[in-house]
Amino acid sequence: MMEATVESTIEQSADSLVSRPATGERAPVAEGETVGSPFVDSPKMAMRNVDVFYNDKQAIFDVSMDIGSNEVVSMIGPSGCGKSTFLRALNRMNDTIEGARVEGSLRLEGQDIYDPKLDVVPLRARVGMVFQKPNPFPKSIYDNVAYGPRIHGLVDRRADLDDVVEDSLQRAGLWNEVKDRLNQPGTGLSGGQQQRLCIARTIAVSPEVILMDEPCSALDPIATAKIEELIAELSENFTIAIVTHSMQQAARVSSRTAYFHLGKLIEVNDTERVFTNPEHELTEAYITGRFG
Amino acid sequence: MDTSTLLAITAALAALAYVIGRGRSLSQAADIGGIRKLNSLPFYYGMLTALWCGLPALLLLVLWLIFDEAIIQALLIESLPADMRDLGGSELGLLLNSVQNIANGNSAGITNPDLLAAGQLLVSLRENSQRALAVVVLSGGLLFGVFGWARIRPQQKARFQVEAVFKIVLLLCSCIAIVTTLGIVLSVLFESLRFFQTVPFFDFVFGLDWSPQMAIRSDQVGGSGAFGAVPLFAGTLLISAIAMLVAVPTGLMAAIYLSEYAGSRIRSAVKPMLEVLAGIPTVVYGFFAALTVAPMIRDNGAVLGLDVSSESALAAGLVMGVMIIPFVSSLSDDVITAVPQSLRDGSFGLGATQSETIRQVVIPAALPGIVGGVLLAVSRAIGETMIVVMAAGLAANLTANPLESVTTVTVQIVTLLVGDQEFDSPKTLSAFALGLMLFVVTLALNYIALHVVRKYREQYE
Ligand SMILES: Nc1ncnc2c1ncn2[C@@H]1O[C@H](COP(=O)(O)OP(=O)(O)O)[C@@H](O)[C@H]1O
Ligand SMILES: [Mg+2]
């Protein structure tokens with residue numbers, strides 16, 4: 001199973017699309033199988049049969065799905081269902097947790113990211129991450145954004161670094177608010193600004209994929225709206241996977257939605273389909289608020 | 001009845017008062033429709049009664065113990081024949097001393113019938129005093145207990161009153177610490193002032209020569225002594241600097257390893273070991289320094305052709321540094337661990353390696369706390385005594401050469417005060433002046449350090 005190639009799974013997904021009714025009655029679903037369309041053509045990231053363990057406790061069970069280029073995929077589900085765990089597996093952030101273990105195949109543009117010979121440093125530069133709680137470093141705003149380019153040696157000249165910092169802050173929609181105080185500590189910004197600073201910090205290393213773990217859960221509605229706007233803009237250049245506990249947010253920002261339940265991937269479908277006509281009864285139970 | 005029995009009986013009385021007071025509140029509650037009609041829980045009524053009984057008894061006991069010696073002595077002097085009574089202070093003191101001895105049962109060699117009679121009197125006075133004490137304390141406790149018991153009403157704010165009493169008790173306890181500190185500071189300060197009457201302050205602080213051999217009698221030869229403390233400050237600084245050079249890098253790196261790299265198994269094995277290091281008495285470090293490290297340094301120095309004194313600043317400083325390692329490492333470990341994991345995640349998420357994360361995110365974030373810990377360690381090094389007493393020597397050399405023998409402020413305080421000394425010569429008084437200096441410096445260091453650490457804590461909630 002771990003050797004499942006991308007081509008064969010695409011066929012599989014095409015199969016499942018025709019074999020399932022598009023609307024109306026839900027077909028009885030086989031135990032443990034993901035319904036909907038988890039796979040796409042030429043995926044950016046392809047995950048097959050992923051299991052994640054914390055010591056002996058399994059948190060993710062046999063999850064297979066694709067993330068397409070320049071799409072926004074949202075991951076929803078009751079808390080504790082393993083959304084963060086799965087997301088962290090995508091850039092090997094689980095490596096930093098003692099006792100965490102990932103099995104299965106996870107590929108970024110065909111390259112196995114859990115290859116023992118692979119260096120996580122360039123991987124994490126390609127797959128960046130924005131966290132639930134804004135976590136600016138105790139450094140100036142400038143140094144926060146310059147941190148990534150510096151450690152990766154992306155720029156040689158100070159002027160180039162200035163450009164990268166300005167460009168990243170521009171794209172994170174923060175430039176106008178902070179351009180006069182780049183030397184002040186990033187920790188002095190408001191929560192929403194801090195989170196946009198963290199996004200700027202992430203895009204400063206020009207990643208291909210940005211993983212966001214509930215990026216708005218610590219923010220007020222106005223700051224949230226700004227971040228959501230930002231996500232829409234970023235999706236032109238980046239592939240984004242976002243975990244959210246807000247179904248409205250998933251509906252607003254993402255094109256595809258994955259529903260997790262107790263460590264299993266239950267359903268992946270176009271966002272609209274998931275929220276109007278879910279294929280799986282568990283998904284429906286969740287979006288209609290029967291548990292959450 | 002001796003005092004400890006009396007205390008036990010008073011405690012029993014208070015316990016009884018608790019039970020009875022609680023019972024009374026319960027029975028009153030029953031009359032008016034249950035515990036919920038009471039202002040406070042029955043526990044507080046019991047407690048209040050117990051306090052009414054116990055506190056006055058205790059107070060009486062303390063007052064009695066404070067004053068009874070004086071009263072007994074006055075009565076005793078009153079009973080002595082007039083010629084003895086009129087003797088001067090110290091001779092009368094001697095007489096009273098022998099009376100005490102007689103009363104304590106060793107009247108050997110004393111034949112004066114007046115004194116023997118006085119001894120008898122003292123014995124009976126003491127017995128009476130004990131008896132009266134018991135009566136006063138117990139009846140006082142009983143009386144006030146009954147008073148408290150009689151005051152119990154359902155609407156009485158018992159909980160409020162009990163808590164007020166406990167608040168006062170807590171306040172008194174914290175006052176004891178403060179008052180004691182204040183007393184110590186004042187006594188050191190006054191003795192120092194006396195010292196500065198004979199030796200000018202600036203001669204002391206800026207003088208380069210330390211040889212506190214003051215003539216005790218005016219006709220004695222041996223000069224007037226020199227009280228320039230600079231060599232002591234310099235020696236203290238030298239040894240502390242060596243100690244910090246050892247302790248800060250080692251302790252910090254140990255802390256980084258333990259908090260960032262070590263797995264939980266290594267961590268749980270190494271941390272207790274470091275704490276054992278912190279629990280070794282400094283006197284043990286002292287003889288380790290004097291008997292092992294100092295000769296080793298001297299022999300190795302001889303091999304290299306260096307002239308190392310057998311009591312070198314280096315030996316004392318090295319061992320003191322080792323002693324302080326666990327101090328530095330556990331304080332640094334605390335602040336490094338307190339750096340939120342989210343900061344590390346943020347750095348890893350950008351593709352930073354672990355060492356980049358530690359150097360550029362974790363250490364800068366923890367730096368204020370680490371600085372605070374180092375300052376606390378410096379203040380410990382400066383105040384450390386045993387190791388330097390045993391390993392650093394007594395010669396007040398003004399030198400920056402760590403291979404020579406130096407002395408420190410603490411060592412001099414010890415040598416000045418050890419042995420029979422008169423407490424009014426400049427020699428002994430200078431110890432207080434040194435103590436004052438030490439106190440001021442360590443107080444300042446601790447204040448700054450705690451301030452820095454607190455600031456740091458606030459930064460991360
Ligand atoms: N560091 C960890 N160690 C052990 N178990 C963990 C750890 N992190 C998460 N888990 C467990 O894994 C499961 C999934 O957690 P998580 O991925 O955080 O869920 P979600 O993000 O969907 O709320 C939960 O049961 C949680 O208790
Ligand atoms: Mg989560």
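Below, chains carry the letters A, B, ... as their sequence lines are ordered, and counting in each starts from 1. Reckoned from all heavy atoms, side chains included, excluding hydrogens, waters and symmetry mates.
Looking at B/Gln354, neither its backbone nor its side chain comes within 4.5 Å of chain A, counting heavy atoms on both sides. Proximity to chain B (any heavy atom under 4.5 Å) is shown, for A/Val130, by neither the backbone nor the side chain. In this structure, chain B has a heavy atom under 4.5 Å from the backbone of A/Pro136, while its side chain stays farther away. Looking at A/Phe137, the atoms closer than 4.5 Å to chain B (heavy atoms on both sides) sit in the backbone and in the side chain alike.
Taking chain B as the reference chain and counting heavy-atom pairs below 4.5 Å, the highest number among A/Arg88, A/His152, A/Met129, A/Arg126 is found for A/His152.
Judged purely by atom type and a 3.5 angstrom limit, A/Lys83 has no side-chain atom pairing as donor or acceptor with the backbone of A/Asp213.
In this structure, B/Tyr261 places its OH atom where more than 12 heavy-atom neighbours from other residues, nucleotides or ligands lie under 6.0 Å away. Residue A/Asp56 places its CG atom among 12 or fewer non-hydrogen atoms of other residues, nucleotides or ligands, all under 6.0 Å distant.
A side-chain donor-acceptor contact under 3.5 Å links A/Gln58 and A/Asp51. Of the N and O atoms on the side chains of A/Thr85 and A/Tyr54, at least one donor lies less than 3.5 Å from an acceptor on the other residue.
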